[in-house]
Every structure is written in C-alpha cells, then in structure tokens.
Amino acid sequence: YKLARPWVPGSDPTARPMLTVRDTRLGPGIDAVAPYTNMSDTFPWQNQRFAEYRDTGPGAEITVPENRPQLTAEQARSATREAYLGDWTPWKEGC
C-alpha cells in the first residue's frame with residue numbers, strides 16, 4: 001500500500017497537497033521503499049508537502065531516505081492536529 005498520492009484539484013498549478021503522518025504505527029503492508037506515488041507525472045509527490053515524524057512499525061522502516069521525508073522536532077511542533085483542526089474533533093468517542 002501507499003501512504004499517499006497528491007490530488008491536485010483541476011490540475012491547479014498553485015495547489016500544493018500536504019500530508020503529515022506522525023506518531024503512527026505503520027503495518028507491513030506499507031511500501032517501505034516507495035510509500036508515496038504520483039497521481040500524475042505533472043504533479044510528482046516529491047514537489048508536494050509530504051512528511052513523516054516518529055512513525056513506528058514495519059511500514060515505517062526507512063530504506064530509501066529520499067523517499068521518506070522526515071520532519072525535524074522543531075517542524076513537528078507546528079504539525080499537530082490542534083494546529084490544523086483547532087478544537088474540531090472529527091470523531092466521537094464511543095462510536
């Protein structure tokens with residue numbers, strides 16, 4: 001499995017998809033060598049804002065460092081659920 005591929009709405013050249021996978025256990029189904037893929041060659045994933053931080057598990061193994069962008073601890077301080085969503089909770093406990 002891939003972690004992500006960039007979706008660029010309407011092929012808008014100003015759009016820059018973003019994904020941060022942090023503090024997540026990644027199972028063995030994740031492609032550790034190439035965890036990201038292109039939606040199209042026009043918008044390669046390497047030009048987007050994809051990063052990881054402190055992930056664990058067999059799918060988090062870094063075998064090709066250039067294919068696994070990692071946040072620094074300083075960068076990760078601003079990449080939190082609260083920073084992106086504020087006080088909005090996308091789920092209810094007990095559901």
- Item | Joint cluster assignment, Y1 & V33, ILVMFWY side-chain distance < 4.5 Å | no
- Applying the 4.5 Å side-chain criterion to the ILVMFWY set and letting contacts propagate, would V64 and F50 be lumped into a single cluster? no
Report the distance from atom [atom1] of [X] to atom [atom2] of [Y], rounding to the nearest 0.5 Å.
{"X": "R77", "Y": "T72", "atom1": "CZ", "atom2": "OG1", "value": "7.5 Å"}
{"X": "T14", "Y": "R16", "atom1": "OG1", "atom2": "CZ", "value": "10.5 Å"}
{"X": "R54", "Y": "L71", "atom1": "CZ", "atom2": "CG", "value": "11.0 Å"}

Minimum heavy-atom distance between [X] and [Y], given as atom pair plus value:
{"X": "D55", "Y": "D23", "answer": "OD1-N, 3.2 Å"}
{"X": "A15", "Y": "P9", "answer": "CB-CD, 4.1 Å"}
{"X": "R25", "Y": "P58", "answer": "NH2-CD, 3.5 Å"}

- Query: Which residue pairs pass the side-chain hydrogen bond (donor to acceptor under 3.5 Å, both in side chains) test with at least one member in residues 38-49, sequence neighbours excluded?
  - Reply: none
- So which pairs with a foot in residues 58-68 pass side-chain hydrogen bond (donor to acceptor under 3.5 Å, both in side chains), sequence neighbours left out? E52-R68
Linked hydrophobic residues, [X] as query - side chain contacts closer than 4.5 Å:
{"X": "M18", "answer": "Y84, L85, W88"}
{"X": "W7", "answer": "M39"}
{"X": "V8", "answer": "F43"}

- Listed by chain and number, what are the ring pair (Phe, Tyr, Trp, His ring centres under 6.0 Å) partners of Y53, not counting sequence neighbours? none
- State, with a plain yes or no, whether a side-chain heavy atom of D31 is found less than 4.5 Å away from one of T37. no
- More than 12 heavy atoms of other groups within 6.0 Å of R5 CZ: no
